[in-house]
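One structure is given below, encoded as structure tokens.
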Amino acid sequence: MKLNELRDNDGATKNRMRVGRGIGSGKGKTAGRGVKGQKARTGVSIKGFEGGQMPLHRRLPKRGFNNLYSTDLNEVNLGRVQQAVDAGRIEAGATVTVETLIAAGICARARDGVKLLGVGELTTKLTFEVTRASKSAIEGVEKAGGAVTVTYGDGVSTRGKPARVVA
């Protein structure tokens, strides 16, 4: 078989219907659109129209709201970080940031930052630079001899904004 002999299987592709090409084609004159009226015209947009009845999307009540100030954080437990240190993906004594966690395979992408949680035990001395941290996580890191620096924005998404440092 040669590259110039490659082709689709029989019946794999079908020619499109050419409408408005005369009475003999079976799809001439109105081109399958019926006769007259709004739907026979081009550029019609009446999705959700129910013949004058109140449409379903207007009959149903509105629920909830979208919080403009919500943050989408990566949640990382101390036990998961210790596993990465044991596996050699994070160096002992290193400063752990979002980039470090992504390189170690703990986080998939940066999102709005990282929240450090205290589940599991940390035995290695590490310095963390995270967006938020729980009290138990800070205690766990300090018990292992490390330190936690918490940076956060002013209640708005921290993506691309200067951070405030709280020691």
Heavy atoms only: give me the nearest [X]-[Y] pair and the separation to one decimal.
| X | Y | result |
| --- | --- | --- |
| A137 | L78 | O-CD1, 3.8 Å |
| C107 | V76 | SG-CG2, 3.8 Å |
| P55 | G48 | CB-O, 3.3 Å |
| I102 | A110 | CD1-N, 3.6 Å |
| F128 | L126 | CE1-CB, 3.8 Å |
| V35 | T30 | CG1-CG2, 4.1 Å |

Can you check whether [Y]'s main-chain N or O pairs, donor with acceptor, with [X]'s side chain at less than 3.5 Å?
| X | Y | result |
| --- | --- | --- |
| T131 | V114 | yes |
| E5 | K2 | yes |
| S25 | K27 | yes |

[X] vs [Y] side-chain heavy atoms within contact, under 4.5 Å:
| X | Y | answer |
| --- | --- | --- |
| E129 | T95 | yes |
| I46 | K39 | yes |
| N66 | L68 | no |

Under 6.0 Å from the CG atom of N4, do we count more than 12 heavy atoms belonging to anything else shown?
yes
Mark yes when over 12 heavy atoms from residues, nucleotides or ligands other than I23 sit less than 6.0 Å from its CD1; otherwise mark no.
no
Taking NZ, NE, NH1 and NH2 as the nitrogens, is one of them in R7 or D10 under 4.0 Å from a carboxylate oxygen of the other?
yes
Using a strict cut-off of less than 4.0 Å between a Lys/Arg side-chain nitrogen and an Asp/Glu carboxylate oxygen, indicate whether E50 and R59 qualify as a salt bridge.
yes
Count I, L, V, M, F, W, Y as connected when their side-chain heavy atoms are under 4.5 Å apart, and connections chain through other members. Are V130 and L117 then in the same cluster?
no
Between T124 and Q82, does the side-chain hydrogen bond (donor to acceptor under 3.5 Å, both in side chains) criterion hold? Intermediate values first, please.
CA-CA 7 Å; T124 313; Q82 185 59 49; 3.1 Å; yes
